[in-house]
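This report refers to the structure that appears directly beneath it.
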Number of protein chains: 2
Amino acid sequence: MTAKTKSSPTTPAAPAAGDLLRLDNQLCFALYAASGLVTRAYRPLLEPLGLTYPQYLVMLALWEDAPRTVKALGQALDLDSGTLTPLLKRLEAAGFVTRRRDTQDERKVQIELTDAGRALQARAAEVPAALACQLHLPLNEIVDLRATLQDLARRMKA
Amino acid sequence: MTAKTKSSPTTPAAPAAGDLLRLDNQLCFALYAASGLVTRAYRPLLEPLGLTYPQYLVMLALWEDAPRTVKALGQALDLDSGTLTPLLKRLEAAGFVTRRRDTQDERKVQIELTDAGRALQARAAEVPAALACQLHLPLNEIVDLRATLQDLARRMKA
DNA sequence: TCCAATTGCATTGTACACAATTAAATATGA
DNA sequence: TCATATTTAATTGTGTACAATGCAATTGGA
């Protein structure tokens with residue numbers, strides 16, 4: 001997946017035809033690499049909280065809205081139960097959440113925060129700022145980039 | 001990791017203090033989600049080539065410059081040998097590359113394309129365009145986004 | 001009402017991704 | 001020259017990520 005466009009004074013040059021497969025010209029690789037870098041930068045910040053990065057995302061979703069079914073979590077995070085079930089089991093083992101069969105519909109599993117899980121939010125509140133300073137980007141650019149990525153995701157899903 | 005900045009006419013609003021941990025306000029999640037979406041979009045395009053997405057990235061790197069050591073590939077792709085060694089073994093098993101100990105320094109392993117690996121490039125050349133149309137983004141925006149992500153990666157690594 | 005279709009989650013199998021560790025080869029400095 | 005430090009790739013262990021499949025519960029339509 002490459003970009004093809006006319007050069008403009010403020011836009012980087014589009015790749016020549018012979019360069020279509022160059023790594024540097026792939027948005028997909030830029031995404032993959034940046035995402036990997038950011039995820040890696042989170043690790044030392046989340047370790048003291050006893051969370052991996054995907055677990056942190058799950059906790060973010062639950063702090064925002066709990067209890068939630070596995071399906072709802074999966075929709076919020078674009079993850080399937082193959083990923084979520086073992087992850088949630090580990091979060092339950094760590095004492096941060098409980099997993100209960102829904103009483104009205106036994107297919108559903110409700111994920112609820114424990115007191116420890118709720119208490120973790122205060123410590124986690126320090127993580128975003130700690131990470132932000134590692135990005136070395138002006139804040140307006142961060143907001144812009146985030147919005148662009150969300151726009152891309154929206155378009156791809158439509 | 002959130003964005004904090006003053007609102008501007010064209011920039012999305014920065015999150016309020018109480019919203020710092022909201023999923024929608026995390027650049028990290030926007031990156032993670034977009035990257036996941038793009039990777040997933042590649043899968044059906046790469047399957048006929050017998051490649052997974054990370055393998056495709058490795059092949060892109062080798063089409064650009066081969067032979068290469070595992071270390072060089074790791075540097076180009078920000079992956080370590082824990083990830084690369086099994087991946088390269090599978091590429092070798094598929095007949096696309098060979099793995100040879102370097103004669104001058106036996107610690108190094110040279111990864112070289114086979115004829116089949118080289119021939120694969122022509123088929124792979126169709127992938128970027130096929131994917132690009134799934135992004136539903138103007139091309140100048142694609143180039144911009146790519147450049148911004150590369151800038152972010154550069155800054156994080158400095 | 002009843003049965004087929006659908007849903008929700010768990011499991012299975014495969015491929016990453018990365019920290020920590022290991023073993024062998026090479027480089028470095030006294 | 002030789003011992004130590006460093007380098008390179010492989011391995012080990014753990015946690016994702018996702019397609020395919022399985023099972024039980026629920027839904028929907030005849």
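Residue numbers start from 1 in every chain, and the chains themselves are labelled A, B, ... in the order their sequence lines are given, proteins ahead of strands.
In this structure, CZ of A:Arg90 is placed 17 Å from P of D:dG13, rounded to the nearest angstrom. Residue A:Lys108 contributes atom NZ, which lies 11 Å from atom C1' of D:dA25 at whole-angstrom precision. Taking atom CG of residue B:Asp105 and atom C1' of nucleotide D:dA9, one finds them 11 Å apart after rounding to whole Å. Atom-to-atom, CG of A:Asp102 to P of D:dT26 comes out at 9 Å; the value is rounded to the nearest Å. Straight-line distance from the CZ atom of A:Arg101 to the P atom of D:dT26: 10 Å, rounded to whole Å. Rounded to whole Å, atom P of D:dA9 lies 14 Å from atom CD of B:Glu92. Straight-line distance from the CG atom of A:Leu88 to the P atom of D:dA17: 12 Å, rounded to whole Å.
Looking at heavy atoms from C-beta onward, B:Phe29 lies out of side-chain contact with A:Leu60 at the 4.5 angstrom threshold. For the pair B:Asn25 and A:Arg146, the minimum side-chain heavy-atom distance is below 4.5 Å. The shortest side-chain heavy-atom distance between A:Tyr56 and A:Thr39 does not fall under the 4.5 Å cut-off. Proximity of A:Leu87 to A:Pro54: side-chain heavy atoms (C-beta onward) are separated by under 4.5 Å at one or more points. When side chains are defined from C-beta on, B:Val109 does not count as touching B:Thr85, because their heavy atoms never get closer than 4.5 Å. Taking the side chain as every heavy atom from C-beta outward, A:Met59 and A:Leu46 never approach each other to under 4.5 Å.
Using modelled atom types, one side-chain atom of A:Arg101 and one backbone atom of A:Glu106 make a donor-acceptor pair closer than 3.5 Å.
Under the rule for a salt bridge (Lys or Arg N to Asp or Glu O under 4.0 Å), A:Arg43 has no partner lying at least two apart in sequence or in another chain.
Residue contacts for B:Gln104: at a heavy-atom cut-off of 4.0 Å it reaches the sugar-phosphate backbone alone, with no base atom in range. Contacts of A:Thr69 with the nucleic acid, taken as non-hydrogen atoms under 4.0 Å apart, involve only primed sugar atoms and P, OP1 or OP2.
Ion pairing between a basic and an acidic side chain is recognised when a charged N comes within 4.0 Å of a carboxylate O; B:Glu64 and A:Arg22 show such pairing.
Closest-nucleotide positions on DNA chain D for A:Thr103 and B:Lys89 were compared, and the one nearer the 5' end corresponds to B:Lys89. If you find the closest nucleotide of DNA chain C to A:Arg99 and to A:Tyr32, the one lying nearer the 5' end belongs to A:Arg99.
When DNA chain C is scanned in the 5' to 3' direction for atoms under 4.0 Å from non-hydrogen atoms of chain A, the outermost contacting nucleotides are C:dT7 to C:dA19.
Residue A:Thr52 places at least one side-chain N or O closer than 4.0 Å to OP1 or OP2 of D:dT16.
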TODO: Summarise protein proximity over nucleotides 18-24 of chain D in one line of letters, 5' to 3': B for base, S for sugar-phosphate only, - for none, counting protein heavy atoms closer than 4.0 Å.
DONE: BB-----

